[in-house]
Participant: 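Questions regarding the structure given below will be posed in turn.
Below, read A as the first sequence line, B as the second, and so on, with proteins coming before strands; counting in each chain starts at 1.
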Number of protein chains: 2
Amino acid sequence: MNETPAGRPTLETVARAAGASRATVSRVVNGSTTVRPDVAESIRRAIADLGYVPNPAARSLVTQRTDSIALILPESATRVFSDDAFFPGVIRGVGEVLEKADKQLVLLLASTQSSHDRILRYVHGRTVDGVVLASMHGADTLPEELRAAGVPVVTSGRPLGEATVPYIDVEHASGVEAAMRHLVGLGRRRIATIAGPQDMVAGRERLAGYLSGLEALPGAVPLVEEGDFMRQSGIDAMERLLERDPDIDGVFAASDLMADGALRTLRRLGRRVPDDVAVIGFDDVEAARFTDPPLTTVHQPIHEIGTRLAEQILRLVAGEEVEASVVLPTHLVVRESA
Amino acid sequence: MNETPAGRPTLETVARAAGASRATVSRVVNGSTTVRPDVAESIRRAIADLGYVPNPAARSLVTQRTDSIALILPESATRVFSDDAFFPGVIRGVGEVLEKADKQLVLLLASTQSSHDRILRYVHGRTVDGVVLASMHGADTLPEELRAAGVPVVTSGRPLGEATVPYIDVEHASGVEAAMRHLVGLGRRRIATIAGPQDMVAGRERLAGYLSGLEALPGAVPLVEEGDFMRQSGIDAMERLLERDPDIDGVFAASDLMADGALRTLRRLGRRVPDDVAVIGFDDVEAARFTDPPLTTVHQPIHEIGTRLAEQILRLVAGEEVEASVVLPTHLVVRESA
DNA sequence: ATGAAAGCGCTAACAA
DNA sequence: TTGTTAGCGCTTTCAT
């Protein structure tokens with residue numbers, strides 16, 4: 001009567017119920033084939049009866065694995081979070097793959113100053129087997145520190161520093177160049193750009209694509225205003241652009257949100273799109289199909305970035321080699337705005 | 001020479017380096033006051049020198065705590081994820097509070113059929129101390145099952161079933177009623193609604209608010225079309241509404257995204273907003289400020305829902321009592337569309 | 001104020 | 001094929 005199994009069942013409980021040893025039960029739980037079928041069967045029944053679930057802490061302690069992967073979103077990411085579909089898309093992609101692999105997704109939102117240390121501490125504690133870094137800012141030393149800590153890491157977007165961690169990125173420049181060719185082919189000659197933040201790879205490479213695309217126009221001068229990828233900054237940048245040159249007839253914005261902002265300013269200042277000014281964005285987020293007019297944009301496979309990130313980190317964690325970089329293609333999606 | 005400290009430092013390593021016992025080091029690590037200052041100091045130095053970080057698995061094994069909280073996003077949530085700012089906002093809010101409390105946020109995306117069991121298994125394994133459920137569908141049995149499993153749970157939105165778990169929600173109906181009063185006050189007499197899915201509390205209560213608000217209009221007949229909270233469904237529902245009654249002069253849409261969709265259909269079919277038709281949405285997401293015209297909408301404190309959820313679950317996990325429900329206020333934000 | 005020792009639940013040699 | 005045994009790294013009585 002004082003044998004009441006107090007807490008949740010352990011291996012020991014199951015072993016006793018099934019008349020086997022802890023080791024054998026463990027074998028069944030972990031799918032070892034070297035267990036006699038009938039024994040395995042009775043153990044499985046006992047497990048079901050008792051509602052036994054392995055204690056992950058105990059398992060981690062001995063296996064040195066946690067079966068969980070951290071996804072670190074830097075400050076800028078959480079800021080953008082509210083209206084940008086990029087990070088949610090990446091989270092979904094990563095989550096899907098990890099779920100299939102039976103790994104847990106631990107989200108680390110690096111929102112404050114102190115969180116840098118906190119994350120390092122966390123990772124050092126080996127609470128996760130690997131880290132996916134949604135790296136955005138070039139100045140970030142995190143990728144390199146994580147690599148130095150000996151933790152498998154893969155980042156979204158080529159790290160700007162000297163870090164040599166594997167990454168997944170997209171063909172920013174060539175996508176933008178396609179957009180520029182399209183504008184030029186449309187006969188546009190005064191093409192401006194609303195660039196992204198220049199401390200992020202995406203911002204830089206998309207600007208580079210604009211500049212190189214502009215070379216197809218002999219004598220054309222670059223017309224650049226910088227935004228922060230968000231809508232309001234597109235609204236403002238477009239105003240500055242028109243002040244500098246009222247005769248702009250084409251705009252490439254480094255994000256769909258900024259392109260949408262540009263659309264609003266153009267409309268407000270009496271320009272017709274695409275008649276007077278053709279506009280192209282970048283990202284191909286859901287919202288781009290619903291701007292007025294619908295946005296011609298450079299498509300990047302956001303969801304696939306997520307799945308690839310997850311696949312790579314799983315490979316690294318498993319001790320396999322991975323390519324130093326995977327660069328996914330982008331392509332122009334032509335809609336009514338250009 | 002064969003004394004090389006192979007792996008990462010453990011309590012034992014630190015203890016030896018500081019000339020103390022494991023127990024004392026543990027006391028210092030956990031901030032016990034019963035350690036002589038100078039001893040504590042030398043231990044702290046050893047910890048810093050060696051770069052010691054506690055092993056969470058070992059700690060969890062003995063303390064029976066994991067210091068991590070799961071945020072479960074049901075299937076519908078991940079579907080909505082791409083263009084709706086609700087879940088990202090909640091994630092941010094939850095993340096912020098948990099970060100301050102030094103708890104980890106484990107994201108469980110319940111995207112497939114099998115994930116229901118998987119989640120239950122996961123929670124039973126006590127990998128998390130508590131669960132925040134972004135409950136959406138009424139039919140969901142998860143809240144009750146989790147409660148039955150003895151895990152602290154709090155849900156976002158009142159669970160539709162018989163589950164008796166604490167929840168955080170907003171004043172759907174009264175917010176909608178304010179919107180309806182506004183429309184009526186504007187002189188609108190043929191007011192339709194684009195309702196949300198009727199298997200979600202939010203969908204049901206907002207519809208209830210519309211119906212009750214309509215009572216201020218003697219003889220007015222309800223005009224309801226259902227959507228799924230997303231933009232496209234708003235576009236479609238508005239079409240059906242106008243087919244049923246071309247003279248509609250007011251619309252309440254149960255989400256900003258659907259309201260934006262309605263705006264598009266109205267414009268396409270030659271209606272001026274708000275002159276011919278006044279439109280009001282719900283949510284007050286960032287995008288609502290950028291529709292054309294800007295959307296009058298019922299504001300709900302998305303971020304606060306997240307922070308409240310986190311606060312409640314922390315309280316529950318700490319063994320404290322919490323209110324059975326917290327219902328946050330909503331209010332009308334008047335912009336140009338109504 | 002400090003240390004010795006037990007044990008959390010599990011896996012992985014090693015024996016049998 | 002199965003069981004015995006030794007830890008994984010930590011917290012926590014219980015002595016001292």
Participant: Test for a donor-acceptor pair under 3.5 Å between the base of dG9(D) and the side chain of Arg8(B), counting only N and O atoms.
Facilitator: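 Result: no qualifying N/O pair found.
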
Participant: Closer than 3.5 angstrom, by distance alone: can the side chain of Asp169(A) be matched with the main-chain N or O of Arg158(A) as a donor-acceptor pair?
Facilitator: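 Between the backbone of Arg158(A) and the side chain of Asp169(A) there is a qualifying donor-acceptor contact (under 3.5 Å).
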
Participant: Using a 3.5 Å distance criterion without hydrogens, assess whether the side chain of Ser32(B) forms a donor-acceptor pair with backbone atoms of Val28(B).
Facilitator: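 No, Ser32(B) side chain to Val28(B) backbone: no donor-acceptor pair under 3.5 Å.
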
Participant: So, the side chain of Thr24(A) versus the backbone of Ala20(A): is there a donor-acceptor pair under 3.5 Å, distance only?
Facilitator: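 Here the side-chain-to-backbone pair does not exist.
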
Participant: Which is more 5' along DNA chain C, the nucleotide nearest Thr33(B) or the one nearest Ala58(B)? Just name the residue.
Facilitator: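 Result: Thr33(B).
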
Participant: Just to confirm, is there a sub-4.0 Å distance from OP1 or OP2 of dC8(D) to any side-chain nitrogen or oxygen of Asn55(B)?
Facilitator: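 Answer is no, no contact under 4.0 Å.
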
Participant: Any side-chain N or O of Thr24(B) less than 4.0 Å from the OP1 or OP2 oxygen of dG3(C)?
Facilitator: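 Answer yes for this pair, as a side-chain N or O of Thr24(B) is under 4.0 Å from OP1 or OP2.
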
Participant: Distance from Phe86(B) atom CZ to Ser156(B) atom OG, nearest 0.5 Å?
Facilitator: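 Rounded to the nearest 0.5 Å, the CZ-OG separation comes to 4.0 Å.
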
Participant: Taking atom P of dC10(D) as reference, at what distance in whole Å does atom CD of Gln64(B) sit?
Facilitator: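 Rounded to whole Å, this separation is 17 Å.
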
Participant: Could you tell me whether Val39(B) contacts a base, only the sugar-phosphate backbone, or nothing, with contacts defined as non-hydrogen atoms closer than 4.0 Å?
Facilitator: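 If one applies the 4.0 Å heavy-atom cut-off, Val39(B) turns out to touch the sugar-phosphate alone, with no base involved.
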
Participant: Roughly how many Å is it from CG in Asn30(A) to P in dC10(C), rounded to a whole number?
Facilitator: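 Nearest whole value for this atom pair: 10 Å.
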
Participant: Tell me: OH of Tyr52(B) to P of dC10(D), nearest whole Å?
Facilitator: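 From Tyr52(B) OH to dC10(D) P: 3 Å.
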
Participant: Heavy atoms from C-beta onward define the side chain here; which of dG3(D), dT11(D), dC10(C) lies closest to that of Ala20(A)?
Facilitator: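 Selected nucleotide (nearest to the side chain): dG3(D).
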
Participant: Give the rounded distance in Å between these two atoms: CG of Leu11(A) and C1' of dG3(D).
Facilitator: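 Nearest whole value for this atom pair: 14 Å.
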
Participant: Please evaluate the base of dG3(C) for a donor-acceptor partner in the side chain of Arg27(B) within a cut-off of under 3.5 Å?
Facilitator: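 For Arg27(B), whose side chain was compared with the base of dG3(C), there is a donor-acceptor pair (under 3.5 Å).
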
Participant: Between Asp67(A) and Lys103(A), what is the shortest heavy-atom contact and its length?
Facilitator: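 Between these two residues, the closest heavy atoms are OD1-NZ, 3.0 Å.
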
Participant: Over how many whole Å does the gap from Arg65(A) atom CZ to dG9(C) atom P extend?
Facilitator: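 To the nearest whole Å, that distance equals 20 Å.
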
Participant: Report yes if at least one side-chain N or O of Arg36(B) is closer than 4.0 Å to OP1 or OP2 of dT2(C); otherwise report no.
Facilitator: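 Yes, because at least one side-chain N or O of Arg36(B) sits under 4.0 Å from OP1 or OP2 of dT2(C).
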
Participant: Hey, does the side chain of Ser21(A) come within less than 4.0 Å of dT2(D)'s phosphate (OP1/OP2), counting only N and O?
Facilitator: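 It does not, given that no N or O in the side chain of Ser21(A) lies less than 4.0 Å from OP1 or OP2 of dT2(D).
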
Participant: Separation of Ile43(B) atom CD1 from dT2(C) atom P, in whole Å?
Facilitator: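 These atoms are roughly 8 Å apart.
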
Participant: Whole angstrom is fine here: how far is it from CZ in Arg59(B) over to C1' in dG9(C)?
Facilitator: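 So the CZ-C1' distance, Arg59(B) to dG9(C), works out to 18 Å.
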
Participant: Leu61(A) CG to dA6(D) P: how many Å, rounded?
Facilitator: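 For the pair Leu61(A) CG and dA6(D) P, the rounded distance is 18 Å.
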
